[in-house]
Novice: 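For reference, the structure I am asking about is given below.
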2 protein chains.
Amino acid sequence: MTGNAREAILAAAKTAAQHRGYNGINFRSIGEAVGVKNASIYYHFASKAELGAAVAERYWQDTAKVLQGIGEANPDPLRCLAAYPSIFRTSLEDGNRLCLSSFMAAEYEDLPEEVMVEVKAFAQTNVEWLAQVLAAAGLGSEAFCERRARAIYSAVAGAQLIARTRRDIALFDELIDSYRDAGLLPGMQP
Amino acid sequence: MTGNAREAILAAAKTAAQHRGYNGINFRSIGEAVGVKNASIYYHFASKAELGAAVAERYWQDTAKVLQGIGEANPDPLRCLAAYPSIFRTSLEDGNRLCLSSFMAAEYEDLPEEVMVEVKAFAQTNVEWLAQVLAAAGLGSEAFCERRARAIYSAVAGAQLIARTRRDIALFDELIDSYRDAGLLPGMQP
DNA sequence: ACCTGAACACCGTTCAAGT
DNA sequence: ACCTGAACACCGTTCAAGT
């Protein structure tokens, strides 16, 4: 049963971070949600920075699993690429949340180094997965695929950011379609 | 001479917001920078929300002027489009700052409605300018140009967000080049 | 092993008071 | 007309103390 409160704190902090970013992680609110006093959180996490890093770490690890699942469910690399934006779309669907990484990218001046490390790991996970799938689709050299992977990742993150501002999932879909029409994303509807 | 302290407060708040977002606007720090006590700021701005909205409003108005300048300096619409990303690049050059709008898009759950209105005006200004230039370049129907304008804006904003995280302007340039190679941005080096 | 109350310096905000 | 000091509730954090 050990780690039960720790898990609950982590879950509450993740929800808060996805809605309001690192700055939105509030020890008193989390304590309330979990059923402990805010001082108790320090028994489980040495600081807000450590809690934030733990949230971000788990976040990119979860995303890595989802990406792996997409790869396994879609033997055709072009289908994988078509499914990729759904990760970002899901966040918007689910309470108009922003990708944790984009959030923290915006906040980064206030971000402790240990949190930043995990944010970078998230981007790295996405880019590596995309580069690999682009290569499997035979779309170009290794260097080209990595370059294009970075472009896709940043464009999709931008689409999520903008769509969120308008609370408009249809706008997100339109932006992704435009990327596809323009040739940034390899063609094919999901 | 009236409005002198008001201007100084606005300038200090703008700098803070460009580095740390709306949450980074700190009345005590701004008071110190301006040479007044934090309570005095309330004489000029009724609340942090009003100050934030004033900062965001001036920000999109300044950007509108820069866009107009690009249009006047480049009779060729394709040259205008090639110059567009420079607006976002300049922020990164100048202290690795993020476009105020992207910042506030990330923070938006905490953003007072009056600030949000100005953030949307910034996006609108960019998209309208882009759509007009795309149309002038004869790149398609009005509907197509507006759609593509939104895609360019969100992709460039995403590139700035990601490049900022790595404190790497070269990455920003590479992403923009990739967008151009892929066909999202009409071709031609700036 | 896990939690708490009380305190700290810091924040936005208010307000009565000063010039 | 413009500014201030003192107070408020709120934050992250610490720490001695409880079970």
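Proteins get letters first, then strands, A, B, ... in listed order; numbering begins at 1 in each.
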Novice: Which whole-number value in Å describes the distance from B:Lys48 NZ to D:dC10 C1'?
Specialist: 13 Å
Novice: Just how far, in rounded Å, is C1' of D:dC8 from CG of B:Asn38?
Specialist: 13 Å
Novice: If you check the B:Tyr42 side chain, which of D:dG5, D:dC2, C:dT14 turns out closest?
Specialist: C:dT14
Novice: Report the nucleotide, chosen from C:dG12, C:dT4, C:dA7, that has the shortest atom-to-atom distance to any side-chain atom of A:Arg28.
Specialist: C:dA7
Novice: Expressed in angstrom and rounded to an integer, what is the separation of A:Lys37 atom NZ from D:dC15 atom P?
Specialist: 22 Å
Novice: Report yes if the distance between the aromatic ring centroids of B:Phe122 and B:Tyr59 is under 6.0 Å, otherwise no.
Specialist: yes
Novice: Check the distance between C:dG5's C1' and A:Tyr43's OH and give it to me in whole angstrom.
Specialist: 19 Å
Novice: Are any of the side-chain heavy atoms of A:Ile87 and A:Ile70 separated by less than 4.5 Å?
Specialist: yes
Novice: Please give, in whole Å, the distance from C:dT14 C1' to B:Ile41 CD1?
Specialist: 14 Å
Novice: Find the distance B:Asp110:CG to C:dC11:C1' and express it as a whole number of Å.
Specialist: 14 Å
Novice: Please tell me which of the listed nucleotides, D:dC3, D:dT14, C:dC15, lies nearest to the side chain of B:Ala39?
Specialist: C:dC15
Novice: Nearest whole Å is fine: how far is C:dG12 P from B:Phe45 CZ?
Specialist: 15 Å
Novice: Measuring from the side chain of B:Ser40 (C-beta onward, heavy atoms only), which nucleotide among D:dA1, D:dG12, D:dC3 has the closest atom?
Specialist: D:dC3
Novice: Report the nucleotide, chosen from D:dG5, C:dC2, D:dC3, that has the shortest atom-to-atom distance to any side-chain atom of B:His44.
Specialist: D:dC3
Novice: Does B:Leu51 reach a base, just sugar-phosphate, or nothing at all? Heavy atoms under 4.0 Å.
Specialist: nothing
Novice: For the side chain of A:Phe27, starting at C-beta, report the closest nucleotide among D:dT4, D:dG12, C:dC3.
Specialist: D:dG12
Novice: Taking pairing as Watson-Crick or G-U wobble with both contacts under 3.5 Å, can you name the mate of D:dC8, or confirm there isn't one?
Specialist: C:dG12
Novice: Within the structure provided, determine whether A:Phe103 and A:Gln18 are in side-chain contact (heavy-atom separation under 4.5 Å).
Specialist: no
Novice: Now, which nucleotide makes the Watson-Crick or G-U wobble pair with C:dA17, with each of the two distances under 3.5 Å?
Specialist: none
Novice: Figure out the CD1/P separation between A:Ile30 and D:dC11, and round it to whole Å.
Specialist: 11 Å
Novice: Do B:Tyr42 and B:Phe27 make the cut of ring centroids closer than 6.0 angstrom?
Specialist: yes
Novice: Measure from the side-chain heavy atoms of B:Val36 and tell me the nearest of C:dT13, D:dC3, C:dG5.
Specialist: D:dC3
Novice: Got a second to check how far B:Leu100's CG is from B:Thr63's OG1, nearest 0.5 Å?
Specialist: 8.5 Å
Novice: Under 4.0 angstrom, heavy atoms only, what part of the nucleic acid is B:Asn26 near: base, sugar-phosphate, or nothing?
Specialist: sugar-phosphate
Novice: Under 4.0 Å between any heavy atoms, over every strand shown, what does A:Ile25 touch: base, sugar-phosphate, or nothing? Just pick one.
Specialist: sugar-phosphate
